[in-house]
Asks: 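My questions will all concern the structure given below.
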Amino acid sequence: MKIFNGACLALFSLLLAGCFHTQLKGSVGDATLTISPLRNPDAVLASSRSFLPEDLVEAWGAEFWDEQSTLIQLAFVGIATVSSDGLDPQALYVVTASGGQDFDPLLKLALSDSPVNVQGNWHAIISGQRILDGNLKVSALTEALYRQFQPRLNEWTDTQVQARLDASATLVVEDVDGSGEVDYDDVLRWNRMLDGSAYLGKISTLDALSTAITAGQSVEMLEEKASKVLGKTKVLLEFDVGEVVVETLNWKAPITAANFLAYVRDGFYDQILVHRAIDGFMIQMGFIEVSGTDEEGRLQWERKTPNGPIVNESSNGLANNRGTLSMARSGNPDSASSQFFINQVANASLDYNSFQSPDGYAVFARVRLGIEIVDEIAAEPTTSVSGIGNDVPARGVILISARLL
C-alpha cells in the first residue's frame, strides 16, 4: 500500500494546486521554490523544496523506483508542492527557484550520477489561478520572459504584463498544451525533456541561458542570454521591384512583432499595395489588396479587414532610424493594426517623447537586406487615388508576398 500511495502521489502531484517542476537542462532536485507578490519578491508567501531521487525512493519504495524507466525517474525529480493558500486568483506572482542540483546537465534524458550544483536562481511569472490549477514548469524559458519584462514591471498593470507574456509566448513556442492557440500557458507547460522540438528558436540559446543560471552569472549576463532566447525572426518582403529581408526585434517589441508575424503567417500581406511613398521619409503598406487591373489598366483594389488594434510599444527605446519598420496608426496611440511603414531616413520626429509625436510610433523590426529597394519605391512618382489618399505610387507598387525565412 505504501508503494501504491507513493506512486499515485508522485504521478498526480503536478496536477494539484501549487505543484511545479523545476528544470534547467534537466530536472533540478533540492531547489528551494518560493512564491511572492510580483513586484515584491522579498515578501515570500510560501516555500518548498523540490524532490531528490532519494525522496522518491522513500515515497515509492526502492523496488518500484527501480522498475521505472530512466525518463520517468528524471521526470519526477524536481517536483515541488508549494502551498497556494491565500493567493488571489487574479493577481500575478513571481515564483523563484534557487539552488539545487541539475540531474541531467549533459541532456542524456536520464539521471546523472554526477548532478551539477546550481549556483543561481530562475523565475516564472504566474497568476494565482494558474498556481491553483497546477502542472507548472519553472524553466529557463520562463526565466527568459521574466528577464524580458522585469525591468519595467512597476510601469505596467498585471493585465498589461499578462498581455506581453502572451505575445512573447507566440515568439518562442508552438502550441504545447494542444489548446489550438499559443499563449503564455504554453510556456508554463513547456518541458525541456519532452517539448524541445516545440521551441521556435535555436535550442542552444536556451541551453546557454540554463548554463548561465547554473553558474550563478550576473543579471546583466542573464539578460543578454535571455534576449537571444527571444531572438529575431526573419521575414522576406517580396515587392514587384525586388526583395527586402527584415528581422523582427522580439525582445524589445513583443506585442508588435507578434502582431506583424501573425499577419505574415496568415498571408494577409500578399498582393498588398504600397499605398504611400514619400521620398526622404518612408513607404507604407498593409491594408489595400490588389486583385488586378480593369480594361483601362487601372488597379482593382479593396480594403482588407485587419485584426483588432494593439498596444503602442513606442516607449521600448527603439528609434525610427533608417531601415526600421514601425506601425502606422491614427491619432489614438493604441490604434495600430496591420499597417506598417519602413523608414527611408532617420525620422526622430516619430520617436517616443519627441516634440512632434510624444506618443511615438512603435519600431518593431529592421531591414537587413534590400534597403536600396526601399529607396527605389520611395522615389516612385506619386498621385492621389480616391478612397486611398495622396502619395500613392502612380504605377501601383505591389508587395507580392511576405513570408517567414
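Source: prediction; values computed, not measured.
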Asks: Any side-chain donor paired with an acceptor under 3.5 Å for N250 and T248?
Replies: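 There is such a pair (donor and acceptor under 3.5 Å, judged by atom type) between the side chains of N250 and T248.
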Asks: Please name the pair of heavy atoms, one in F268 and one in G286, separated by the smallest distance, quoted to 0.1 Å.
Replies: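 Closest approach of F268 to G286: CE2-O, 3.3 Å.
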Asks: Would you say that R189 contacts N135 through its side chain, given a criterion of any heavy-atom pair below 4.5 Å between the two side chains?
Replies: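 They are in side-chain contact.
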Asks: Going by the rule salt bridge (Lys or Arg N to Asp or Glu O under 4.0 Å), which residues pair with E313 if we only count those two or more places apart in sequence or in a different chain?
Replies: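 With neighbours one apart ignored, the set is empty.
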Asks: Checking H21 side chain against A75 main chain: does a donor-acceptor pair fall under 3.5 Å?
Replies: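 Flag set: sc H21 to bb A75 pair under 3.5 Å.
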Asks: Answer whether the closest heavy-atom distance between the side chains of L273 and W301 falls below 4.5 Å.
Replies: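 When only atoms from C-beta onward are counted, W301 and L273 do not touch, as no gap falls below 4.5 Å.
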Asks: Do S48 and F20 touch side chain to side chain, with heavy atoms closer than 4.5 Å?
Replies: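 SC-SC contact between S48 and F20 ruled out.
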Asks: Of all residues at least two apart in sequence or in a different chain, which pass the side chain to side chain donor-acceptor pair (under 3.5 Å) check with Q90?
Replies: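 Not a single residue meets the side chain to side chain donor-acceptor pair (under 3.5 Å) criterion with Q90.
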Asks: Under the rule for side-chain contact (heavy atoms from CB on, under 4.5 Å), what residues qualify as partners of I203, not counting sequence neighbours?
Replies: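 By the side-chain contact (heavy atoms from CB on, under 4.5 Å) rule, I203 matches W190, R192, Y199, L206, D207.
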Asks: I'd like to check V219 versus R147 (side-chain heavy atoms, cut-off strictly below 4.5 Å). Are they in contact?
Replies: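 In short, these two side chains touch, coming nearer than 4.5 Å.
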Asks: Judged by modelled atom types alone, do S127 and Q162 share a side-chain donor-acceptor pair under 3.5 Å?
Replies: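 Checked: S127/Q162 side chains show no N/O donor-acceptor pair below 3.5 Å.
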Asks: T142 versus I125: any side-chain heavy-atom pair under 4.5 Å?
Replies: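 Side-chain contact under 4.5 Å: no.
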Asks: Would you check if there is a donor-acceptor pair between the side chains of D351 and N320 at a distance under 3.5 Å?
Replies: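 Yes, because at least one side-chain N or O of N320 sits under 3.5 Å from a partner of the opposite role on D351.
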Asks: Are any of the side-chain heavy atoms of K25 and T214 separated by less than 4.5 Å?
Replies: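 No, every pair of side-chain atoms sits at 4.5 Å or beyond.
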Asks: Check the pair T96, S36 against side chain to side chain contact (heavy atoms under 4.5 Å, CB included), reporting the backbone distance first and the verdict last.
Replies: CA-CA 8 Å; T96 304; S36 305; 5.7 Å; no
Asks: Any side-chain to backbone donor/acceptor pair from S335 onto S330? Under 3.5 Å, distance only.
Replies: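 Between the backbone of S330 and the side chain of S335 there is a qualifying donor-acceptor contact (under 3.5 Å).
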Asks: Could you tell me whether the side chains of K252 and S227 share a donor-acceptor contact shorter than 3.5 Å?
Replies: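 No - no donor-acceptor pair under 3.5 Å links their side chains.
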Asks: Are the side chain of D166 and the backbone N or O of Y184 linked by a donor-acceptor pair below 3.5 Å?
Replies: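 At least one qualifying donor-acceptor pair exists.
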Asks: What pairs with D185 under side chain to side chain donor-acceptor pair (under 3.5 Å), at least two apart in sequence or on another chain?
Replies: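 So D185 forms a side chain to side chain donor-acceptor pair (under 3.5 Å) with R130.
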Asks: Tell me, with the steps shown, if D177 and S179 meet side-chain hydrogen bond (donor to acceptor under 3.5 Å, both in side chains).
Replies: CA-CA 6 Å; D177 62 9; S179 66; 3.1 Å; yes
Asks: Using a distance-only test with no angle check, is there a side-chain donor-acceptor pair under 3.5 angstrom linking S112 and D104?
Replies: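 No, no side-chain donor-acceptor pair sits under 3.5 Å.
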Asks: Checking R265 now: which residues fulfil salt bridge (Lys or Arg N to Asp or Glu O under 4.0 Å) with it, not counting sequence neighbours?
Replies: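 Partners of R265 under the salt bridge (Lys or Arg N to Asp or Glu O under 4.0 Å) test: none.
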Asks: For the ring-ring contact (aromatic ring centres under 6.0 Å, His included) test, which of F340, F341, F287 pairs with H275?
Replies: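 Among F340, F341, F287, the one meeting ring-ring contact (aromatic ring centres under 6.0 Å, His included) with H275 is F287.
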Asks: Any side-chain heavy atom of L237 sitting closer than 4.5 Å to one from L399?
Replies: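 Yes, at least one pair of side-chain atoms sits under 4.5 Å.
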Asks: In residues 65-74, what donor-acceptor pairs under 3.5 Å come from side-chain atoms, sequence neighbours left out?
Replies:
| unit_1 | atom_1 | unit_2 | atom_2 | d |
| --- | --- | --- | --- | --- |
| Q68 | NE2 | F64 | O | 3.0 |
| S69 | OG | I72 | N | 3.1 |
| Q73 | NE2 | W65 | O | 2.9 |

Asks: Quick one: are R39 and N154 in side-chain contact, heavy atoms under 4.5 Å?
Replies: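 In short, these two side chains touch, coming nearer than 4.5 Å.
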Asks: Parallel, tilted or perpendicular: which one describes the rings of W60 and F76, with boundaries at 30° and 60°?
Replies: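 Ring orientation of W60 relative to F76: perpendicular.
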Asks: Does R49 come within less than 4.0 Å of D55, counting only side-chain N to carboxylate O?
Replies: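 Salt bridge present between R49 and D55.
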Asks: Less than 4.0 angstrom from a charged side-chain N to a carboxylate O is my criterion; do K304 and D270 meet it?
Replies: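 So K304 does not pair with D270 through a salt bridge.
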